[in-house]
Amino acid sequence: MKNLLALSVFISMTALSAHADMATEVEIDSPYARAAIVQQRNSAIFMTLKNQGSSGSLVAATSPAAHIVELHTHINDGGVMRMRKIPSMPLPSGKTVRLQPGGLHIMLLGLKQDLKPQDQIEATL
């Protein structure tokens, strides 16, 4: 069973498109990542993004915890759910976007460290 109560993630918002001040208009709630060991190689970050400002998009993410960080979604491919890299995540004005298992999420590929419960990692959006 995968541990979803993994670790807290410190997030800073810098790569939001549309407006330079959009980062101050997007509220981040409950960011966390799945616990994983380096040998598993990958993990994912989840959170809720509430856009209080004008419409924009999340266009990139980085984290020193992984070699590659990508924006992902899940699609139904002939009855099989598959993850796919996406170029951006729309953040419509006045809406809440949930990054959650089985949906939108941020992938941590090529972990540089174990991710244990109660650990903290940094990520920049």
Exercise. Does a side-chain heavy-atom distance below 4.5 Å link Ile121 with Leu115?
Worked result: yes
Problem set entry | Contact summary for Ser43 and Arg34, nearest pair of heavy atoms | OG-O, 2.6 Å
For this session: Supply the atom-to-atom distance Leu108 CG to Ile45 CD1, rounded to the nearest 0.5 angstrom.
Result: 4.0 Å
For this session: Return yes if some donor-acceptor pair links the side-chain N/O of Asn42 with the main-chain N/O of Gly110 below 3.5 Å, else return no.
Result: yes
Under 3.5 Å, which donor-acceptor pairs do the side chains of residues 82-96 form with other protein atoms, sequence neighbours left out?
from, atom 1, to, atom 2, distance (Å)
Arg82, NE, Asp77, OD2, 2.9
Ser93, OG, Gly53, O, 2.7

For this session: List the atom of Met47, the atom of Leu125, and the distance in Å for their closest heavy-atom pair.
Result: SD-CD1, 3.8 Å
For this session: Go through the steps for Leu104 and Val97 under the test side-chain contact (heavy atoms from CB on, under 4.5 Å), then give the verdict.
Result: CA-CA 9 Å; Leu104 295 171; Val97 176; 3.7 Å; yes
Without placing hydrogens or testing angles, list every side-chain donor-acceptor pair under 3.5 Å for residues 66-75, not counting sequence neighbours.
from, atom 1, to, atom 2, distance (Å)
Glu70, OE1, His72, NE2, 2.7
His74, ND1, Gly103, N, 3.4
His74, ND1, Gly103, O, 3.4

Exercise. Which pair of non-hydrogen atoms, one from Gln39 and one from Asp114, has the smallest distance, and what is that distance?
Worked result: OE1-OD1, 4.4 Å
Problem set entry | Worked check of side-chain contact (heavy atoms from CB on, under 4.5 Å) between Gln100 and His105 | CA-CA 6 Å; Gln100 59 192 7; His105 58 281; over 6 Å; no
For this session: Mind listing the closest non-hydrogen atom pair of Ser55 and Asn51 along with its distance?
Result: CA-ND2, 4.0 Å
Exercise. Listed by chain and number, what are the salt bridge (charged side-chain N to carboxylate O under 4.0 Å, His left out) partners of Lys112, not counting sequence neighbours?
Worked result: none
For this session: Hey, could you give me the OG/CZ distance between Ser30 and Arg98, rounded to the nearest 0.5 Å?
Result: 9.5 Å
Exercise. Do Leu109 and Ile106 belong to the same hydrophobic cluster, where Ile, Leu, Val, Met, Phe, Trp and Tyr are linked whenever their side-chain heavy atoms lie under 4.5 Å apart, directly or via other members?
Worked result: no
Exercise. Closest approach of Ala36 and Leu111, non-hydrogen atoms and distance?
Worked result: CB-CD1, 3.7 Å
Problem set entry | Within one Ile-Leu-Val-Met-Phe-Trp-Tyr cluster: Met107 and Phe46, side-chain cutoff 4.5 Å | no
Exercise. Checking Ser57 side chain against Val59 main chain: does a donor-acceptor pair fall under 3.5 Å?
Worked result: no
